[in-house]
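The first residue of the sequence shown is numbered 1, and numbering continues consecutively from there.
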Amino acid sequence: MLQCLLRSSTTVITLSRSLFIPTNSSPFLLFHSSSNDPPHEQKRPCSSPPPIASPTRALKLISAQSDPLLAKEIFDFASTQPGFRHSYSSFLVLILKLGRSKHFSLVDDLLVRLKSDQYPVTPTLFTYLIKIYAEADLPENALKVFYKMLEFNIKPLPRQLNRILELLVSHRNFIMPAFDLFKSAHKYGVFPNTQSYNILMGAFCLNGDLSIAYKLFNKMFERDVEPDVESYRILMQGLCRKSQVNRAVDLLEDMLNKGFVPDSLSYTTLLNSLCRKKKLREAYKLLCRMKVKGCNPDIVHYNTVILGFCREGRAMDAVKVLDDMPSNGCLPNLVSYRTLVGGLCDQGMFDEAKTFTEEMLSKGFSPHFSVSHALIKGLCNVGKIDAATEVLGEMLKYREVPHIDTWVTIVPTICEDYETERMEEIVEEVLKVEIKRDTRIVEAGIGLEDYLIRKIQSRSNRT
């Protein structure tokens, strides 16, 4: 029998003398220093702690203990009492404490004891165990829980099967064990549902095993398992990753014919893939069909098509897409304007790019330095210095500080084409705006240096 729960050379910890400690008091610990005890108490040997009165009292003591190992000691001490039998709740609480603190061998010991002592066990225990092993990222342990449930004559629920499958497929080397579990589950009376199929299909698609994913999809119909929108989307994404966009579009048509309404992500997947395959006409048609088919296109869908047109040198088609947005209840955002202005600049359409840059600034959007720089540089290269300075002026008006590369481009050009007074005005406007470390005009290079030298010489001559 346990003589003392804890012992040291100077301290003896004993259970309270009362078997009925109030619940708001310390579970069982009183401390007595041997140096302060009366002589007659110092000589008295350490007596056994009094017994724990009932399983209910044991449960309270275990639940109140924050240290899982000390909770286990309380549990073990109570177990040594003649005729004492813990409640199932005590096992459950202790298993959770030990599991969350990663004392998994002690958890296994308690499971063995539950089995040997023939306790009636609920599925909740195993749900907690699966969650604990998932949080600890231990797929093999989670897999064992499935078979441990069978040992307790408990049939795993589909949601428990799915949680185990999710954990297994998150590790590439456990995809096949997950597939084996999936295939054998029905032997134990556990029938995979739609989510089970989706988990496996997604894993095989990500692993490049598209043929297996397709077989699973077809198997759903054979086993009267109804696929959902996610089932179709998973296959579409897998097909698009394999550059089989035509098959993905056919799958979309099949989905629509069966009465499903594709979700936003399904359309995003197809639009992105169509644009990358340079099927821009098909992408635009799909974008226009979305609203008719019950899914309003959002900013991601529009920006995907705008980017597709700009990549292929069709910026004016991108302009049309942007113009369509407000009538469909979607307003362009920063990405929309940046992409479009960049595409227009790439095609040398600087006047149009200037118009959209000014519109972007008026709506409070900040152009990326690469976009504004490309526009200003392009205008300077084609001799449109006035337009370039207007863009610069608009940026300064909205407190947007040009990048150092922009200064390097525009300052020498302005110095060559403008009188000193005009340059002074521009510099004064610049100085009104906070000059950041990487945009200081003194770093603009030789163009500004030459301008300053000429200005000093001019003043000297007048003097």
Side-chain angles (χ1 to χ4, degrees), residues 233 236-253 262 264-293 295-361 363 365-382 384 387 391 405:
R233 173 167 36 83
M236 286 183 209
Q237 291 172 331
L239 288 166
C240 290
R241 288 191 194 97
K242 291 286 188 178
S243 298
Q244 299 180 29
V245 65
N246 289 337
R247 290 182 68 188
V249 172
D250 291 341
L251 195 60
L252 176 71
E253 294 299 329
S264 175
L265 188 53
S266 299
Y267 281 109
T268 301
T269 299
L270 288 177
L271 288 171
N272 187 56
S273 187
L274 286 168
C275 289
R276 288 185 178 278
K277 295 291 286 186
K278 303 180 182 181
K279 296 178 179 290
L280 299 173
R281 184 171 177 272
E282 291 86 344
Y284 184 67
K285 286 175 62 178
L286 181 61
L287 183 68
C288 295
R289 286 182 62 197
M290 286 179 63
K291 191 170 185 178
V292 178
K293 296 299 181 180
C295 182
N296 291 329
D298 61 24
I299 190 65
V300 175
H301 301 128
Y302 281 109
N303 286 348
T304 299
V305 178
I306 289 172
L307 177 60
F309 277 123
C310 289
R311 277 176 175 167
E312 295 306 310
R314 297 172 58 178
M316 289 311 296
D317 288 322
V319 170
K320 184 178 184 304
V321 175
L322 186 135
D323 289 341
D324 289 343
M325 293 175 68
S327 62
N328 288 316
C330 185
L331 298 177
N333 65 359
L334 176 61
V335 175
S336 312
Y337 283 110
R338 280 183 177 179
T339 304
L340 182 56
V341 171
L344 291 166
C345 288
D346 290 341
Q347 289 185 249
M349 305 173 72
F350 300 112
D351 290 335
E352 292 83 354
K354 175 176 175 292
T355 299
F356 282 105
T357 299
E358 291 170 349
E359 181 180 325
M360 171 171 43
L361 287 166
K363 292 183 177 180
F365 297 125
S366 173
H368 189 267
F369 86 89
S370 62
V371 174
S372 57
H373 175 69
L375 175 56
I376 291 173
K377 182 179 179 181
L379 290 169
C380 289
N381 288 343
V382 297
K384 296 185 176 182
V391 173
D405 292 343

After noting the C-alpha distance and the side-chain angles of Glu312 and Arg281, does the key distance pass the salt bridge (charged side-chain N to carboxylate O under 4.0 Å, His left out) rule? CA-CA 12 Å; Glu312 295 306 310; Arg281 184 171 177 272; over 6 Å; no
Is there a side chain to side chain contact (heavy atoms under 4.5 Å, CB included) between Leu344 and Met316? Walk through the geometry before answering. CA-CA 8 Å; Leu344 291 166; Met316 289 311 296; 4.2 Å; yes
Do Phe309 and Val305 have side chains that get closer than 4.5 Å, going by heavy atoms? yes
Counting only heavy atoms not in Arg276, do more than 12 fall under 6.0 Å of its CZ? no
Working note: Asn246 + Lys279, criterion side chain to side chain contact (heavy atoms under 4.5 Å, CB included); need CA distance, chi angles, decisive distance, verdict. CA-CA 10 Å; Asn246 289 337; Lys279 296 178 179 290; 3.7 Å; yes
Measure up the Phe365 and Tyr337 rings against each other and bin them: parallel (under 30°), tilted (30 to 60°), perpendicular (over 60°). tilted
Does some side-chain heavy atom of Phe350 sit less than 4.5 Å from a side-chain heavy atom of Asn381? no
Those residues that, when tested against Ala283, pass side-chain contact (heavy atoms from CB on, under 4.5 Å) (two or more places apart): Leu271, Leu274, Cys275
From the list Asp323, Asp324, Asp317, salt bridge (Lys or Arg N to Asp or Glu O under 4.0 Å) partner of Lys320 resolves to Asp324
Rounded to the nearest 0.5 angstrom, the CZ-SG distance for Arg247 and Cys240 is 11.5 Å
Working to the nearest 0.5 angstrom, can you tell me the gap between Met325 CE and Asp298 CG? 9.0 Å
What distance do Leu287 atom CG and Thr304 atom OG1 have between them, rounded to the nearest 0.5 Å? 9.0 Å
So, for Ala318 and Cys310, which heavy atoms are closest and what is the spacing to 0.1 Å? CB-SG, 3.8 Å
Using side chain to side chain contact (heavy atoms under 4.5 Å, CB included), reason through Leu286 and Leu252 one step at a time and then give a plain yes or no. CA-CA 11 Å; Leu286 181 61; Leu252 176 71; 3.7 Å; yes
Side chain to side chain contact (heavy atoms under 4.5 Å, CB included) evaluation trace for Arg289 with Tyr284: CA-CA 9 Å; Arg289 286 182 62 197; Tyr284 184 67; over 6 Å; no
Are Val341 and Cys345 close enough that some pair of their side-chain heavy atoms sits under 4.5 Å apart? yes
If only atom types and distance count, is the side chain of Gln347 paired as donor or acceptor with the main-chain N or O of Ala315 below 3.5 Å? yes
So how far is it from Glu358 CD to Leu375 CG, rounded to the nearest 0.5 Å? 8.5 Å
Is a side-chain N or O of Ser273 found less than 3.5 angstrom from the main chain of Thr269, in a donor-acceptor match? no
Those residues at least two apart in sequence (or on a different chain) that pass salt bridge (Lys or Arg N to Asp or Glu O under 4.0 Å) with Asp351 are Lys384
With heavy-atom distances below 4.5 Å as the criterion, would you say the side chains of Lys291 and Asn328 are in contact? yes
Evaluate the side-chain proximity of Arg233 to Gln237: yes if any heavy-atom separation is below 4.5 Å, no if none is. yes
Would a 4.5 Å heavy-atom cut-off, applied to side chains only, mark Val249 and Met236 as touching? no
Evaluate whether atom NZ of Lys363 has more than 12 neighbouring non-hydrogen atoms of other residues, nucleotides or ligands under 6.0 angstrom away. yes
Which value, rounded to the nearest 0.5 Å, describes the distance between Leu379 atom CG and Lys377 atom NZ? 12.5 Å
Tell me if a side-chain donor or acceptor on His301 pairs with a main-chain N or O of Ser264 at a distance below 3.5 Å. yes
Under the rule for side-chain contact (heavy atoms from CB on, under 4.5 Å), what residues qualify as partners of Asn333, not counting sequence neighbours? Ile299, Asn303, Val335, Ser336
Calculate, to the nearest 0.5 Å, the distance between atoms OG1 and CE belonging to Thr355 and Met360 respectively. 11.5 Å
Short side-chain to backbone donor-acceptor contact, Asn272 and Thr268, under 3.5 Å: no
